[in-house]
Engineer: 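The structure follows.
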Amino acid sequence: MATADRPPEQIDLGGVVLRRPRLADAEGLLAATTADLDHLGPWMAWATPERNTLEERRAFVQEDLDRPEGDRGATYLVVDPTDGTVLGSTGLHDRVGPDGLEVGYWLASQVTGRGIMTRAVAALAEVALARTGVARVEVRCDEANHRSAAIPRRLGFTLARTMDAEVTAPAETGRQQIWVLTADAP
Ligand SMILES: CC(C)(COP(=O)(O)OP(=O)(O)OC[C@H]1O[C@@H](n2cnc3c(N)ncnc32)[C@H](O)[C@@H]1OP(=O)(O)O)[C@@H](O)C(=O)NCCC(=O)NCCS
């Protein structure tokens, strides 16, 4: 049963669902990422021919299944409920301090431009802020990644700061924006 401190297994976004992954999803994930390496490669460090393997996708799912006690993170797949096709991934990362959670995301190019990820991030921000002790949700993206930054901007996040960060993907500039939504935001 979902409680405020236990993220839901599934979230219906209308037309697509967010669902926690199972190991059997690794093939579907790989199919989605393989079809979109050109779209994902500029921004996602793992979206390279070398790292885009079934083994890595399985490890990605396994990491969610094996979360250590107290890790408040949660991975979700964006899934087409009509046929189970994997259309992307999003999730909460427990790596921005005790009172915050970060949201990360990518979407298959064939379903961009429809507001799916904006709705997904809104839903996960709500899940995060409902948790005991979480007062802040962050989106971190390179300042050159305008499509990514448009999502927190659209949702009323505030650009709190821009800082130097390690470049991990080819289109990144190394300047990372920190977008923040707080529990008391209007
Ligand atoms: C970042 C990424 C997920 C953004 O995808 P996206 O399709 O722009 O985002 P959304 O699904 O929220 O769709 C927003 C678009 O749908 C439109 N839209 C349609 N209906 C909408 C609705 N009900 N609500 C919000 N937006 C809506 C918006 O106007 C916007 O289109 P526009 O950019 O032409 O104005 C995608 O570009 C991606 O996967 N990029 C590669 C990986 C990546 O960069 N990840 C982030 C790393 S920080």
Side-chain angles (χ1 to χ4, degrees), residues 11-19 21 25 28-52 56-57 60-61 63-64 73-82 85-96 100-128 136-181 185:
I11 301 173
D12 188 349
L13 293 180
V16 297
V17 296
L18 300 183
R19 132 169 114 60
D25 290 314
L29 253 174
L30 184 68
T33 55
T34 302
D36 252 337
L37 281 189
D38 288 350
H39 161 64
L40 301 171
W43 304 112
M44 313 304 283
W46 48 262
T48 64
E50 297 73 32
R51 292 185 57 188
N52 185 49
E56 277 232 13
R57 297 294 85 84
F60 170 77
V61 175
E63 206 179 316
D64 189 49
T75 301
Y76 289 89
L77 302 181
V78 181
V79 175
D80 179 342
T82 62
T85 305
V86 176
L87 301 171
S89 177
T90 180
L92 297 169
H93 301 288
D94 193 358
R95 61 187 180 198
V96 293
L101 288 170
E102 180 188 346
V103 188
Y105 42 81
W106 64 267
L107 200 57
S109 58
Q110 56 165 337
V111 293
T112 57
R114 303 181 193 177
I116 289 174
M117 199 46 82
T118 300
R119 298 204 300 282
V121 173
L124 289 191
E126 196 177 319
V127 166
R136 179 171 52 86
V137 180
E138 290 191 6
V139 168
R140 296 183 171 220
C141 67
D142 191 272
E143 69 177 4
N145 196 345
H146 303 296
R147 290 198 68 88
S148 180
I151 291 176
R153 184 183 289 115
R154 211 177 272 130
L155 291 172
F157 285 57
T158 301
L159 178 56
R161 60 193 188 282
T162 303
M163 60 181 201
D164 290 334
E166 188 192 348
V167 170
T168 61
E172 289 180 345
T173 63
R175 293 288 291 164
Q176 188 181 57
Q177 295 179 336
I178 317 289
W179 291 85
V180 175
L181 185 72

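FYI, the numbering just counts along the sequence from 1. As the structure lists them, so they are numbered: ligands from 1, and atoms in each ligand from 1. Source: prediction; values computed, not measured.
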Engineer: For atom 8 (O) of ligand 1, what's the nearest protein heavy atom and its distance?
Structural biologist: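 For atom 8 (O) of ligand 1, the nearest protein heavy atom comes out as R147 NH2, 2.7 Å.
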Engineer: Which bit of R114 is near ligand 1, meaning a heavy atom under 4.0 Å away: side chain, backbone, both or neither?
Structural biologist: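 Near ligand 1, R114 shows its backbone, while the atoms from C-beta on stay back.
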Engineer: Which protein heavy atom lies closest to atom 40 (N) of ligand 1, and at what distance to 0.1 Å?
Structural biologist: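 Answer, as residue, atom name and distance: H39 CE1, 3.6 Å.
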Engineer: Compute the minimum heavy-atom distance from G113 to ligand 1 and say whether it is under 4.0 Å.
Structural biologist: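 True for this residue.
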Engineer: Kindly confirm or rule out an N or O of M117 lying under 3.5 angstrom from an N or O of ligand 1.
Structural biologist: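 Checking ligand 1 against M117, an N or O pair does fall under 3.5 Å apart.
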Engineer: Is any N or O atom of W106, backbone or side chain, closer than 3.5 Å to an N or O atom of ligand 1?
Structural biologist: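 No; every N/O pair is 3.5 Å or more apart.
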Engineer: So which bit of N145 gets within less than 4.0 Å of ligand 1, heavy atoms only: side chain, backbone, both or neither?
Structural biologist: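 For N145, only side-chain atoms sit under 4.0 Å from ligand 1.
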Engineer: Give the residue and atom name of whichever protein heavy atom lies nearest to atom 14 (C) of ligand 1, and the separation in Å to one decimal.
Structural biologist: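 Ranking protein heavy atoms by distance from atom 14 (C) of ligand 1, first comes R154 NH1, 3.4 Å.
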Engineer: Got the closest protein heavy atom to atom 26 (N) of ligand 1, with its distance?
Structural biologist: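 Minimum-distance protein heavy atom for atom 26 (N) of ligand 1 reads G115 CA, 3.4 Å.
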Engineer: Considering distance alone, does some N or O of L107 sit under 3.5 Å from an N or O of ligand 1?
Structural biologist: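 Yes - when backbone and side-chain N and O of L107 are compared with those of ligand 1, one distance drops under 3.5 Å.
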Engineer: Which ligand 1 atoms are under 4.0 Å away from a heavy-atom of R140?
Structural biologist: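 Selected atoms, number and element: 48 (S).
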Engineer: Indicate every side-chain donor-acceptor pair of residues 137-148 with a distance under 3.5 Å to a residue at least two apart or in another chain.
Structural biologist:
unit_1, atom_1, unit_2, atom_2, d
E138, OE1, R140, NE, 2.7
E138, OE1, R140, NH2, 3.0
E138, OE2, R136, NH1, 2.3
D142, OD1, A144, N, 2.9
D142, OD1, T173, N, 3.1
D142, OD1, T173, OG1, 3.1
D142, OD2, T173, N, 2.8
D142, OD2, T173, OG1, 3.2
D142, OD2, G174, N, 3.1
N145, OD1, S148, N, 3.4
S148, OG, Y105, OH, 3.0

Engineer: Give the atom numbers and elements of ligand 1 that come within less than 4.0 Å of a heavy atom of I116.
Structural biologist: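 In order of number, 10 (P), 11 (O).
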Engineer: Looking only at non-hydrogen atoms, find the nearest pair between V61 and L29 and report the distance.
Structural biologist: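 Looking at all heavy atoms of both residues, the closest pair is CG2-CD1, 3.9 Å.
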Engineer: Tell me which protein heavy atom sits closest to atom 46 (C) of ligand 1, plus the residue, atom name and distance to 0.1 Å.
Structural biologist: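 Ranking protein heavy atoms by distance from atom 46 (C) of ligand 1, first comes Y105 O, 3.3 Å.
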Engineer: Is there a donor-acceptor pair closer than 3.5 Å between any side-chain N or O of R119 and the backbone N or O of G14?
Structural biologist: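 Pair found, side chain donor or acceptor close to backbone of G14.
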Engineer: What is the nearest protein non-hydrogen atom to atom 12 (O) of ligand 1, stated with its residue, atom name and distance?
Structural biologist: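 The answer is T118 OG1, 2.4 Å.
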Engineer: Measuring from atom 1 (C) of ligand 1, which candidate in S148, A47, A150 has the nearest non-hydrogen atom?
Structural biologist: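 The option holding the nearest heavy atom is S148.
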Engineer: Could you work out, for atom 4 (C) of ligand 1, the closest of T112, V121, I151 by heavy-atom distance?
Structural biologist: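 The nearest heavy atom belongs to I151.
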